[in-house]
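Before any comments, here is the structure.
Sequential numbering from 1 along the given sequence is applied to the chain's residues. Heavy-atom basis, side chains included; hydrogens, waters and symmetry copies ignored.
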Amino acid sequence: MSQTKELRRIRKSGHLTIPKSIREQLEISDGDVLMIMEQPLGLVMKPINEEHIYNESIVSNNGKVNIPIEIRRNLNINEETHFSVRLDKERSAVILEILEEETG
């Protein structure tokens, strides 16, 4: 499994940018469709090319994807939410882990 990991925030519109290094390793480009699956602590996004039952988002030319409003509501994601974005080569997926807010 790759240790590539970067921090990202989601925009008010629901857009989040996947780091270029991760897009290149998964060969994700403009117009590709990503399957988005909820997990208790975040999301898994995986390139697909067949029909499925999951939410999906189309990747823009600069790596932006839109996280569907249903998922944002279910996981209480907003523009203040911070993510750790990493590559999971074994699953050929982008993993978005929600980071806990620092208290103090």
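- The CD1 atom of Ile95 sits 9.5 Å away from the CD1 atom of Ile22 when rounded to the nearest 0.5 Å.
- Two residues are said to be in side-chain contact when any heavy atoms from C-beta on lie closer than 4.5 Å; Val94 and Gln25 fail this criterion.
- In this structure, the separation between CD1 on Ile71 and CD on Glu38 is 5.0 Å, given to the nearest 0.5 Å.
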Could you tabulate the donor-acceptor pairs under 3.5 Å formed by side-chain atoms of residues 58-70, not counting sequence neighbours?
{"from": "Ser60", "atom 1": "OG", "to": "Asn62", "atom 2": "OD1", "distance (Å)": "2.5"}
{"from": "Ser60", "atom 1": "OG", "to": "Lys64", "atom 2": "N", "distance (Å)": "3.1"}

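- The two atoms that bring Ser57 and Ile36 nearest to each other are CB-CD1, 3.7 Å, heavy atoms only.
- The nearest pair of heavy atoms linking Phe83 to Ile98 is CE2-CG1, 3.6 Å.
- Scanning for salt bridge (charged side-chain N to carboxylate O under 4.0 Å, His left out) contacts around Arg8 gives Glu6, with sequence neighbours left out.
- Closest non-hydrogen pair, Val85 versus Pro19, comes out as CG1-CD, 3.6 Å.
- Environment of CZ in Arg9: crowded, with over 12 heavy atoms of neighbouring residues, nucleotides or ligands closer than 6.0 Å.
- Residues Met45 and Leu96 are in side-chain contact: their nearest non-hydrogen atoms beyond the backbone lie under 4.5 Å apart.
- Separating the CD atom in Glu97 from the NE2 atom in His82 is a distance of 15.0 Å, to the nearest 0.5 Å.
- The only member of Leu34, Asp32, Val33 that meets side-chain contact (heavy atoms from CB on, under 4.5 Å) when paired with Pro47 is Leu34.
- The two residues Lys46 and Ala93 come nearest to each other via the heavy atoms CB-CB, 4.3 Å.
- In the hydrophobic clustering of ILVMFWY residues, with side-chain heavy atoms under 4.5 Å counting as a link, Ile48 and Val44 come out together.
- Contact record, Arg23 with Ile18: NH1-O, 2.5 Å, taken as the closest heavy-atom pair.
- Across every non-hydrogen atom of Thr81 and Asn76, the tightest pair is OG1-O, 3.9 Å.
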